[in-house]
Amino acid sequence: MEIRSKEFKERSVFAIHDASLQQALGKARGGFVGKRAQQAAELPEFEQLREEAKNTKNEILANLDHYLERYEQAVVAAGGHVHWARDAEEARNIILDICKRVDAKTITKGKSMVSEEIGLNEALIEHGMEVVETDLGEYIIQLAHEPPSHIIAPAVHKTKDQVSDLFEAAHGGPRKTEVADLVNEARQVLRDKYFRADVGITGGNFLVAETGSSIIVTNEGNGDLTQTLAKVHIVTSGIERVVPTLDDATLFLRLLARSATGQETETYTTISTGPRHADDLDGPQEYHVVLVDNGRSKMLGGRFRDMLRCIRCGACMNHCPVYGAVGGHAYGWVYPGPMGSVLTPLIKGLDAAYDLPNACTLNGRCASVCPVKIPLPDLLRELRHMQHQQDITPVMQKRALNLWRFAATRPKLYHALEQVAARVLSGISRKGRIRRLPLASAWTDSRDLPAPAGRTFLELWQGKRGQK
Amino acid sequence: MNARVNAREAILNSVRSALKRGPLDDTQRAALDARIPQHTRPAQDEDLVARFMRKFESRAGTVERVTGFDAVPAAVEAYRLGKGLPARAAVGAALKDLPWPADFEMNHGAAGIAEILSVSPAIAGIAETGSLMLAAGPGSPTTHNFVPDDHVVVLEASRIVGHFEEAWTILRARAEGMPRATNIISGPSRTADVEQTIQLGAHGPRRVHVILVG
Amino acid sequence: MTETPTRGPRVGLFATCLMNVFRPNVGFSAVKLLEDAGCTVEVPAAQTCCGQPGYNSGDYDAARALARQVIETFEHYDYIVGPSGSCMATIRHDYPVLFQDDPQWLPRAQALSVKSWELLSFLADVLDATQSDAHYDGTATYHDSCSGLRGLGIKGQPRALLGEVDGLKLKEMEDSEVCCGFGGTFCVKYPEISEKMVDDKVRNILATGADTVVGGDLGCLMNIAGRLKRINAPVKVFHTAEVLAGLADGPGLAGAVKGSD
């Protein structure tokens, strides 16, 4: 999908004034946060599991090549195929080739953020194939021709009324207004698609080296119908999703649902190992895994290795006050919120997403809930550092920083400037505040500026206690 | 070398160069392969069966207990009549020898789009989260688990284990190896994609009923 | 037994930029609290800024220049204490990171790091000074500033200390731990998002019915006070130290100035 992260500022302002979006975001926020907090509180071992998950991921990443090779061997032993894709285009072509070879007409898809990352749907549709998203949220936004705005709740920005409109337009027939009726309508429409599908594409939450299995975790069962009923099952997954054993996957499973939706477990955890066996009565005849690098192996080498621990739970965005204010679309690409603000510049380029690392107060709430303890604020600051080093930071900001540094490293000058500021601001204030201040309208457009008392603390202190 | 092989080598080389080393040697690989994960398992202080039932029911699943396998057909029959369903079901062949009523029509093959009731055998129950583990195979097609509106699962009480790790041990011990699909099922299908309102029966079964044997 | 007169720790007060310009009363409150707890307080004149604006803007060189200045100015004190979780978290957590590849400055940064304290946690966790003879008539709600809360674990201390203040009722707000939208330069780089965030914060404050907001960081407090004033909400805003020191008898932030300064 086309990146529009350069429009972050405009899109975020637009989002703040979008009443339907604000209504939808308001409903989502409290639910995710409260349910996760409850799950964390109910599991005494939760914090210990976070620490173990961080350490285990670090061990895996330090031996990633080995586990990928072991995983590949096990997939092949189970009768499956492994494909390696350096970038998005290579991944698209691999999948297109498979679909063309089996003359695919209808392709069903379970939710896969990697498939969004590689722009898969557009490519398949361009080649005349019908692509049907089957996760209800993904289905809704496919009807709306929109990208997901959240990695686990792709249609979180839509209100029920908007879904009613979309379904009425797409399905015809009487407009449904109850959630139960809307869900049921989608169920009926999609059932037919599952049974007609030639290829089913899913993501992979975990790839297990021990058994050559891919694991998906869903609540709806759409991923299972997708992969069971199609003739060919294709898994798209990032190379960092491999884990050594089923026991290791369990560690992350214990954290994933609790962190993501605030559930103890999601309804379905499905371990898929190869294609249909000779005596099986259903299941796909072919099983393919596309391992996507797309910038991940480069991240492994430096300060951003921590980001590869991400298990895509979405807790960071659920707890991010900026995401909560503007929603996911403002971020302009596939991954929104804190994790997206780290990933997008790393995958798409620093200057393609200047605002993302900057549009953050570094309040740290994301890191405090991350199940694998990714230091997201530190990584965002590190991206700002790279922007500064590579002269992507706006000139005015650099000049301001240089001036500040010049003054702040000269205490006498700095204090003199502070004294001037205190006097001037006090002089122009009325009733303890300043309502309009030229050059500071970014503050005073929405807030008063509390006025200083006229003299600085250091001045007053020296008057009272004398020079030390 | 073709492009695909190149991609594999390029990615593995890129990983190694990021890790600032070459391929691991055999000793290092053997050490990694011999690694036994020792992750924390959440403590449990409850009877396994009681915990399984409590957890499964907390997610809108239903459970009834019968004394032996012979009582399963009657329980299925009662469930079927309670829901007003016709005398027909997709039944895993693993359960075909139970004393089913003569007029009960069974499909042991894959479930088609019209199938509305199924009966499947579970190979384990997991008390930790109150989840069922089902293994795909000729005796238990995967479509039975997802296509019908009503899914009845037969679970022997003695097959309930405490943690997921013990369920994996059962999988590893299978002579036929890993099933194509291993389904861990923790209740009926659900979605919250419309305004965070929980709705059961999104794509998979609207109801999951466990007949606990023993 | 002979009694030797005990001398309290020698504390260098870190006078944060915002406090120095906008709210000297917070500095005097900090001095009073520290001296009442037995400390000898000095305010070195050579200090300026902790360097956080440079660090968070990605200008690590500028941040290091400022950090060296702070280290040189404060390293000979027993403690460096400041009335800001944000500045003190920079000194405690970020200085050692900034100098991680500098064998000359790393030990000095680490040495200062371990003796750097945010005021309230210093009073409660180091000095065990949990008594207060202050009086404040009103109902206050406490905003958890992010750096103090998540960087330094400041949560219980200010609440416990405020609980000792005669006449003060504490009422918790919804989402007290959610960022107010200040975020340093964030609030002027992304003013619309910042406004939305501070609006959410103000709504939660007003929902408590409290007549006063207290908190430990002037950046957040100026943001909250500025928004409260703009919408004409009659809620006073004070730094926790002002209330604890009994020096919250004047106008709050952005409040009308009474008498002379």
Side-chain angles (χ1 to χ4, degrees), chain A residues 27-28 31 43 45 48-49 52 62-66 84-86 90 136-137 153 155 159-160 163 179-180 182-183 187 190-191 195 211 219-222 224-225 228 239 244-248 250-251 264-265 267-274 276-277 279-283 293 297-298 300-301, chain B residues 4 7-8 10-12 14-20 23-24 29 32-33 35 37 39-40 42-43 55 59 109-110 113 129 131 136-138 141-143 145-147 164-165 168 171 178-197 199 201-205:
Chain A
K27 282 196 178 173
L43 187 69
E45 296 88 352
Q48 170 153 7
L49 291 174
E52 285 178 31
N63 299 290
L64 187 61
D65 53 338
H66 172 74
W84 304 70
R86 276 169 286 204
E90 215 160 65
L136 184 59
T159 61
K160 189 182 67 177
V163 177
V179 173
L182 290 166
V183 171
R187 177 184 173 102
L190 290 170
R191 290 231 136 194
F195 277 91
T211 54
N219 271 316
E220 297 182 1
N222 64 303
D224 291 283
L225 287 161
T228 307
I239 54 170
T245 67
L246 288 168
D247 288 25
D248 295 300
T250 308
L251 170 63
E264 184 175 34
T265 175
T267 306
Y268 300 111
T269 300
T270 298
I271 307 170
S272 303
T273 315
R276 172 196 292 221
H277 298 177
D279 57 355
D280 276 341
L281 301 169
D282 50 23
D293 184 335
S297 61
K298 287 219 166 54
L300 191 61
Chain B
R4 298 279 166 82
R8 180 185 187 278
I11 292 170
L12 288 171
S14 177
V15 166
R16 287 171 188 139
S17 109
L19 295 171
K20 296 173 183 67
L24 297 175
R29 283 171 169 266
L32 289 175
D33 292 339
R35 166 185 173 276
H39 303 305
T40 295
K55 291 283 182 185
R59 281 182 304 271
I113 197 165
T129 50
S131 303
T142 308
T143 42
N145 306 342
F146 295 97
V147 176
F164 282 94
E165 286 85 346
W168 310 149
L171 285 179
M178 284 291 284
R180 182 200 66 76
T182 307
N183 297 114
I184 315 285
I185 298 175
S186 307
S189 157
R190 62 173 62 207
T191 185
D193 273 345
V194 183
E195 289 192 350
Q196 273 59 61
T197 308
Q199 183 63 42
H203 297 279

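Labels below follow one simple rule: chain letters A, B, ... track the order of the sequence lines, proteins then strands, and each chain is numbered from 1.
Your options are A:Val163, A:Asp224, A:Thr270, and the one with the most heavy-atom pairs under 4.5 Å with chain B is A:Asp224. Interface remark: of the candidates B:Thr142, B:Thr197, B:Leu171, B:Thr142 forms the most heavy-atom pairs closer than 4.5 Å to chain A. Counting heavy-atom pairs closer than 4.5 Å to chain A, the top residue among B:Pro179, B:Pro138, B:Ala192 is B:Pro138. Heavy-atom pairs under 4.5 Å with chain A peak, among B:Thr129, B:Ile113, B:Asn183, at B:Ile113. Taking chain A as the reference chain and counting heavy-atom pairs below 4.5 Å, the highest number among B:Ala181, B:Gly201, B:Pro42 is found for B:Pro42. Of all the listed residues (A:Glu52, A:Arg276, A:Gln48), the one sharing the greatest number of non-hydrogen pairs under 4.5 Å with chain B is A:Glu52. For the set A:Thr267, A:Leu300, A:Leu281, the count of heavy-atom pairs under 4.5 angstrom toward chain B peaks at A:Thr267.
Both the backbone and the side chain of B:Ala43 come within contact range of chain A, each with at least one heavy atom under 4.5 Å from a heavy atom of that chain. Of the atoms belonging to A:Leu43, it is side-chain heavy atoms, and not backbone ones, that fall under 4.5 Å from chain B. Heavy-atom distances place the side chain of B:Arg59, and not its backbone, under 4.5 Å from chain A. Contact of B:Pro188 with chain A is made through the backbone alone, with heavy-atom distances under 4.5 Å. Contact annotation for A:Phe195: only side-chain heavy atoms (C-beta onward) come within less than 4.5 Å of a heavy atom of chain B. For A:Glu220, the parts sitting under 4.5 Å from any heavy atom of chain B are the backbone and the side chain alike. Heavy atoms closer than 4.5 Å to chain B are found in the side chain of A:Leu49, but not in its backbone. Contacts of A:Thr159 with chain B are made by both backbone and side-chain atoms, with heavy-atom separations under 4.5 Å.
Here the closest non-hydrogen pair linking B:Gly204 and A:Arg187 is O-NH1, 2.6 Å. Nearest heavy-atom pair across B:Ser131 and A:Thr265 is OG-CG2, 4.4 Å. Contact between A:Tyr268 and B:Gly187 at its shortest, heavy atoms only, is OH-O, 4.2 Å. The shortest non-hydrogen separation linking B:Phe146 to A:Arg191 is O-NH2, 3.4 Å. The two residues B:Trp168 and A:Leu246 have their closest heavy-atom pair at NE1-O, 3.3 Å.
Within the 3.5 Å criterion, the main-chain N or O of B:Pro37 finds no donor-acceptor partner in the side chain of A:Asp247. In this structure, the side chain of A:Ser297 does not engage the main chain of B:Val15 through any donor-acceptor pair within 3.5 Å. At least one donor-acceptor pair under 3.5 Å links the side chain of B:Glu195 to the backbone N or O of A:Lys160. Side-chain atoms of B:Arg16 do not come within 3.5 Å of backbone N or O of A:Asp65 as any donor-acceptor pair. The closest donor-acceptor contact from the side chain of B:Lys20 to the backbone of A:Gly301 lies under 3.5 Å.
Partners of A:His277 according to the side-chain contact (heavy atoms from CB on, under 4.5 Å) rule, which considers only residues two or more places apart in sequence or in another chain, are A:Asp279, A:Asp280, B:Arg180. Under the salt bridge (charged side-chain N to carboxylate O under 4.0 Å, His left out) criterion, A:Asp293 pairs with no residue at all, not counting sequence neighbours.
Here CG of A:Asn222 is found 9.0 Å from CG of B:Asp193. Values are rounded to the nearest 0.5 Å. Atom-to-atom distance recorded for A:Leu64:CG and B:Ile11:CD1 is 10.5 Å, nearest 0.5 angstrom. A distance of 7.0 Å separates NE2 in A:His66 from CG in B:Leu24, rounded to the nearest 0.5 Å.
At least one side-chain heavy atom of B:Met178 sits less than 4.5 Å from a side-chain heavy atom of A:Ile271. Under the 4.5 Å side-chain criterion, counting only non-hydrogen atoms from C-beta, B:Val147 is in contact with A:Leu225. Side-chain atoms of B:Arg35 and A:Asn63, non-hydrogen and from C-beta on, never get closer than 4.5 Å to each other.
No side-chain N or O of B:Thr40 forms a donor-acceptor pair with one of A:Glu45 less than 3.5 Å apart.
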